[in-house]
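Remember, it's a predicted structure, so these values are computed and weren't measured experimentally. Basis for what follows: all heavy atoms, side chains included, without hydrogens, waters or symmetry-related copies.
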Amino acid sequence: MTRGQRVFHFSPLDLTQTGGVEMHINRLVSECPAFGWPASAGLEPQQDFWADGGPRLLHSHGDRIPPWRLIERFGMRSWVHTLHGTSSGRALACHELFGLRNYLSAAKEALPCWFAAGIICVSPAVHEQARRHFAMPSWRHFSVIPNGADNPSGDGALYAAYKPYVLFLGRGDDRVKNAQGLIAAWQKTRMTNPSAHLLVAPSRGFPKDEERIVAFDTITIREKSSLISGAAAVVIPSFYEADSIVAWEAMAHGTPVIASASIGVRPFLERYGAHTFIEPRNETALAAALASALAPSAVARTTPLLRSWSDVAKETTVFYATLSKTVIAATADPFVALYGVGI
């Protein structure tokens with residue numbers, strides 16, 4: 001692998017959506033070319049991807065593993081995988097130890113930990129989980145590269161009719177997001193804050209007739225930026241959150257964050273300052289944090305902390321380049337000795 005080769009991100013996801021993995025891949029495809037690494041994404045590379053016959057890099061994500069024929073064509077030494085979290089970490093956090101789906105996802109996530117040339121983890125906690133739960137070899141090349149955020153582009157006054165409000169971004173039917181705990185805490189909070197609102201997006205999994213809860217079916221990037229900009233706080237009460245893009249977006253806007261104590265981005269939130277950590281199963285503590293954020297005396301804004309997607313792309317391409325030199329040159333590496341195939 002050499003600097004400037006083309007990168008193909010294998011993914012069956014709809015990259016126009018605003019989910020965390022979708023946004024991550026979309027932004028890498030957009031930003032990596034600026035650092036000399038042209039990128040594309042999908043299930044299969046376009047025919048012109050192979051036009052000049054040069055070396056290529058395959059990059060996969062999460063529990064979506066490329067088919068063997070694709071890995072074989074690129075070569076194992078040209079395969080990089082990003083762990084955006086682990087099914088084992090989620091299962092432990094959610095007390096879901098017996099779900100077949102979690103075991104299947106964990107099995108798929110373990111494969112690249114053993115066979116890919118390099119692993120990217122979105123937080124130190126994810127790397128630790130890969131070592132502990134998937135027995136990722138100590139000689140496996142890896143890098144911890146957290147997520148990022150878009151530059152703020154919204155108008156904080158756009159949703160002024162709902163102020164003061166706290167904001168939750170995530171699906172209500174995804175148990176790991178702890179939306180039911182948030183709703184229960186909100187019931188306590190709204191009794192002492194009758195003019196306040198809880199705004200959520202998307203609306204999936206949230207009650208349609210809950211008082212003072214406003215759910216948006218879909219939102220654009222600009223609308224999301226406007227929602228974050230006008231919020232008294234962004235709340236992330238998840239049982240498991242490897243590295244929350246929503247937290248990075250809140251920090252980019254200077255908006256306070258209420259987050260689970262175990263959130264992967266915690267060191268950055270501590271540096272940021274405007275944060276409150278809670279235990280996600282303690283609804284009373286969550287209700288108190290919501291009430292504090294909505295109080296007239298609450299600090300509405302702080303100095304933004306922006307980690308751009310350009311920063312993420314730069315660190316990713318540095319890993320690409322470092323991996324190319326290390327894997328190809330270090331023939332004593334056990335991986336190379338076992339899998340001396342590829343480019």
Side-chain angles (χ1 to χ4, degrees), residues 1-67 70-71 73-75 77-85 109 112 116-123 126 142-153 169 218-222 224-225 242-246 248-249 252 306-324 343:
M1 294 180 289
T2 57
R3 177 177 171 82
Q5 68 182 278
R6 296 182 182 181
V7 182
F8 178 71
H9 292 266
F10 172 81
S11 177
L13 301 174
D14 180 358
L15 302 186
T16 64
Q17 300 300 310
T18 56
V21 178
E22 291 92 333
M23 286 189 64
H24 184 103
I25 299 172
N26 181 294
R27 298 310 188 265
L28 287 184
V29 170
S30 299
E31 299 289 343
C32 283
F35 299 98
W37 297 80
S40 58
L43 291 172
E44 293 283 347
Q46 297 294 320
Q47 193 59 39
D48 61 358
F49 182 83
W50 308 99
D52 61 7
R56 299 289 182 264
L57 180 66
L58 175 63
H59 193 153
S60 53
H61 299 261
D63 63 354
R64 311 298 178 123
I65 307 303
L70 205 56
I71 296 173
R73 182 164 189 183
F74 277 88
R77 287 198 294 168
S78 296
W79 181 19
V80 173
H81 185 82
T82 294
L83 287 171
H84 295 270
E109 291 164 356
I119 297 291
I120 295 174
C121 301
V122 297
S123 70
V126 171
F142 79 93
S143 182
V144 174
I145 303 178
N147 285 303
D150 293 323
N151 290 312
S153 61
L169 295 170
T218 58
I219 54 174
T220 65
I221 295 296
R222 180 174 173 79
K224 180 168 69 169
S225 179
D243 184 71
S244 172
I245 291 178
V246 173
W248 285 110
E249 291 171 331
L306 175 62
R307 173 177 166 78
S308 71
W309 285 111
S310 179
D311 296 330
V312 178
K314 181 178 180 180
E315 293 171 21
T316 301
T317 56
V318 167
F319 181 65
Y320 290 162
T322 302
L323 189 66
S324 77
I343 60 174

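Ala149 and Ala252 make their closest contact through CB-CB, 4.2 Å (heavy atoms, listed as atom of the first residue, atom of the second, distance). The shortest non-hydrogen separation linking Phe10 to Arg64 is CD2-O, 3.8 Å. Between Ile245 and Gly20, the shortest heavy-atom distance links the atoms CD1-O, 3.3 Å. Between Ala41 and Ile25, the shortest heavy-atom distance links the atoms CB-CG2, 4.1 Å. Taking all atoms of both residues into account, the shortest heavy-atom contact from Ala313 to Glu31 is CB-CB, 3.5 Å.
Relative orientation of the Phe8 and Phe74 rings is parallel, given thresholds of 30° and 60° on the angle between their planes. Using the six-membered ring where Trp is involved, Trp79 and His81 have ring planes that are perpendicular, over 60° apart on the 30 and 60° scheme.
Between Leu169 and Ile219 the shortest side-chain heavy-atom distance falls below 4.5 Å. Residues Glu315 and Ser143 have side chains not in contact (no heavy-atom distance under 4.5 Å, counting atoms from C-beta outward). Side-chain contact check for Arg307 versus Val312: some heavy-atom pair is nearer than 4.5 Å. Leu58 has its side chain out of reach of Ser60: every pair of non-hydrogen atoms, C-beta onward, lies at least 4.5 Å apart. Taking the side chain as every heavy atom from C-beta outward, His24 and Trp309 approach each other to under 4.5 Å.
Using a distance-only test at 3.5 Å, with no hydrogens or angles considered, a donor-acceptor pair links the side chain of Gln5 to the main chain of Leu57. Remark: side-chain polar atoms of Asn147 are paired, donor with acceptor, to backbone N or O of Asp243 under 3.5 angstrom. Arg222 places a side-chain N or O within 3.5 Å of a backbone atom of Ser153 that can act as its donor or acceptor partner. No donor-acceptor pair under 3.5 Å is formed between the side chain of Ser225 and the backbone N or O of Ile221. Asn26 places a side-chain N or O within 3.5 Å of a backbone atom of Leu15 that can act as its donor or acceptor partner. Under a 3.5 Å cut-off, the side chain of Ser308 and the backbone N or O of Asp311 do form a donor-acceptor pair. No donor-acceptor pair closer than 3.5 Å links the side chain of Thr82 to the backbone N or O of His84.
Remark: Asp150 CG to Ser310 OG distance equals 11.5 Å, nearest 0.5 Å. Interatomic distance, SG of Cys32 versus CZ of Arg27, reported as 13.0 Å (0.5 Å rounding). In this structure, NE2 on His61 lies 11.0 Å from CD on Glu22, to the nearest 0.5 angstrom. The distance from atom CH2 of Trp50 to atom CZ of Arg6, rounded to the nearest 0.5 Å, is 10.5 Å. Taking CZ of Phe319 as the start and CD1 of Ile119 as the end, the distance is 7.5 Å to the nearest 0.5 Å.
Of the candidates Val126, Val144, Leu323, Ile145, Ile120 forms a side-chain contact (heavy atoms from CB on, under 4.5 Å) with just one, namely Ile145.
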